[in-house]
Amino acid sequence: MTKKERYIRFIDYFSLHQPNAQTELNYNNPFELLVAVILSAQCTDKRVNLVTPNLFNKFPTPSSLAQADLADVFDCIKSISYPNNKAKHLIGMAQILVTEFKEIIPSDVSLLQKMPGVGRKTANVIASIIYEAPTMAVDTHVFRVSKRLGLSNGKTPLAVENDLTKNIPNDKIRIAHHWLILHGRYICTARNPQCGKCPIQGMCIFFGNRKGDIKLF
DNA sequence: ATCCCGAGGG
DNA sequence: CCCTCTGGAT
C-alpha cells in the first residue's frame, strides 16, 4: 500500500465513523481553551479538566489572571504536571494578552507564540479550533500515530506537521488532528497498543512488524 | 519505569 | 542538539 493510499484509507474511515471528533478539554470560551491547552502539556486531558472549573471560577478573565498571585494559581493547578512553570506561564500569558493584544487572542501562529507557555503545538491548536485555520498541531499522539500508520516518517514534530499538512486536504486537517489524538489515546496507545481493536490495522505499518514489543519506533 | 494534546533555556 | 520542569496513572 502506498503512502497516498494510506492517507485515503485513513481519511475515508474516520470521515465515515468519526465525523464529529473534537477536543476532550472542557472550556466555554477561547480564553478558557487557551488556558486549558497550556495546562495540557505532558498531562492527560482528564486531569486538566479536574482543575479547570475551580481555576476558571477564580480567574475568569485575562485581567483577573494577569493580576493573580503566583501562589494562588499554583494552588489551583498543583495536582497536574509542572504546576510551577505552568502557573508562571498562565499569568505571563494573561499579562501579554492584556497589555499587547487588548484581551483578544491572536489568530496568527507566530503572534500566539509570543505568549509564555504557548509553543508551536499550542498555537496550532488555538488557530485551528478558535479560528478554523487548517493547522495541524503535532503532539505526542499525533507524532506516534502518524508514524505507525505510515502517514509520515518525519523525525521531528515539525517534519510530521509539514507532511500531514501537505497530504491531508485543507478541509480535513482540523478534524484529522482530533482523529489522530483520539486514536492515539484510546487505541494506538504508546504502551500496549490495542491493535486487536484497531479498525484500520490493515493499513498500519506498525501492526505485523512488531515482535511482541512496542519499541519499533 | 514509562507515559500524558510541551515549552523554555542552555 | 540537549536538559529541566514535575504530578499522577499504569
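Chain naming here is simple, since letters A, B, ... match the order of the sequence lines and numbering starts at 1 in each.
- As rounded to whole Å, 12 Å separates atom P of B:dA7 from atom CG of A:Leu39.
- Atom CG of A:Leu50 and atom P of C:dA9 are 9 Å apart (whole Å).
- Contact check for A:Val35 versus A:Leu39: side-chain heavy atoms found under the 4.5 Å cut-off.
- Between A:Lys3 and A:Asp163 there is a side-chain heavy-atom pair separated by less than 4.5 Å.
- In the set B:dC5, C:dG7, B:dG6, the nucleotide with an atom closest to the side chain of A:Ala41 is B:dG6.
- Nucleotides B:dC4 and C:dC1, compared at atom C1', are 24 Å apart to the nearest Å.
- A:Pro116 comes within contact range of the sugar-phosphate backbone alone, with a heavy-atom separation under 4.0 Å but no base atom that close.
- The hydrophobic cluster containing A:Leu164 does not contain A:Ile129, counting ILVMFWY residues as joined when their side-chain heavy atoms lie under 4.5 angstrom apart, directly or transitively.
- If you measure from atom CG of A:Leu90 to atom C1' of C:dC5, you get 15 Å, rounded to the nearest angstrom.
- Evaluation of atom-type donor-acceptor distances gives no pair under 3.5 Å for the side chain of A:Thr140 against the base of B:dC3.
- Nucleic acid contact for A:Met115: sugar-phosphate only, since backbone atoms but no base atoms lie under 4.0 Å from a heavy atom of the residue.
- For the pair A:Lys88 NZ and C:dT4 C1', the interatomic distance rounds to 12 Å; values are reported in whole Å.
- The same atom, P, is picked in B:dA7 and in C:dG8; the two are 22 Å apart, to the nearest Å.
- As rounded to the nearest Å, B:dA1 and C:dT6 have C1' atoms that lie 16 Å from one another.
- The nearest whole Å value for the distance from the NZ atom in A:Lys46 to the C1' atom in B:dC5 is 14 Å.
- Among the nucleotides B:dC5, C:dT6, B:dG6, the one closest to any side-chain atom of A:Val125 is B:dC5.
- No contact: A:Lys86 has no heavy atom under 4.0 Å from any strand.
- Separating the NZ atom of A:Lys121 from the P atom of B:dG6 is a distance of 5 Å, rounded to the nearest angstrom.
- The aromatic rings of A:Phe14 and A:His183 lie perpendicular to each other, with more than 60° between the two planes, well past the 30° mark.
- Here A:Asn85 does not reach the OP1 or OP2 of C:dT6: none of its side-chain N or O atoms lies under 4.0 Å away.
- Among the heavy atoms of the strands lying under 4.0 Å from A:Val118 are primed sugar atoms or P, OP1, OP2 only; no base atom is included.
- Of the candidates B:dG8, C:dG7, C:dT10, C:dT10 carries the atom nearest the A:Arg191 side chain, counting heavy atoms from C-beta on.
- One C1' atom belongs to C:dC5, the other to B:dC3, and the distance between them is 16 Å to the nearest Å.
- Contact check, A:His89 against B:dG8: no side-chain N or O comes under 4.0 Å of OP1 or OP2.
- Distance from the side chain of A:Ala190 is smallest to B:dC3 among B:dC3, B:dC5, C:dT6.
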Worksheet item: Where do A:His89 and A:Tyr82 land on the ring-ring contact (aromatic ring centres under 6.0 Å, His included) test, with the steps shown first?
Response: CA-CA 11 Å; A:His89 289 161; A:Tyr82 314 136; 9.6 Å; no
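- The distance between atom CZ of A:Arg47 and atom P of B:dC4, rounded to the nearest whole Å, is 15 Å.
- Ranked by how close their nearest DNA chain B nucleotide is to the 5' end, A:Ala123 and A:Arg144 are led by A:Arg144.
- The listed nucleotides are B:dC5, B:dC4, B:dG8; the one nearest the side chain of A:Arg185 is B:dC5.
- Two residues are said to be in side-chain contact when any heavy atoms from C-beta on lie closer than 4.5 Å; A:His141 and A:Thr189 fail this criterion.
- The side chain of A:Thr122 places an N or O atom within less than 4.0 Å of a non-bridging phosphate oxygen (OP1 or OP2) of B:dA7.
- The residue A:Ile80 sits close only to the backbone: its heavy atoms come under 4.0 Å of sugar-phosphate atoms, none of a base.
- Remark: ring of A:Tyr82 not stacked against base of C:dT6; the cut-offs of centroid gap under 5.5 Å and plane tilt under 30° are not jointly satisfied.
- A straight line from CD of A:Gln194 to C1' of C:dT10 spans 12 Å, rounded to a whole angstrom.
- Counting heavy atoms from C-beta outward, A:Asp139 and A:His177 have side chains that approach closer than 4.5 Å.
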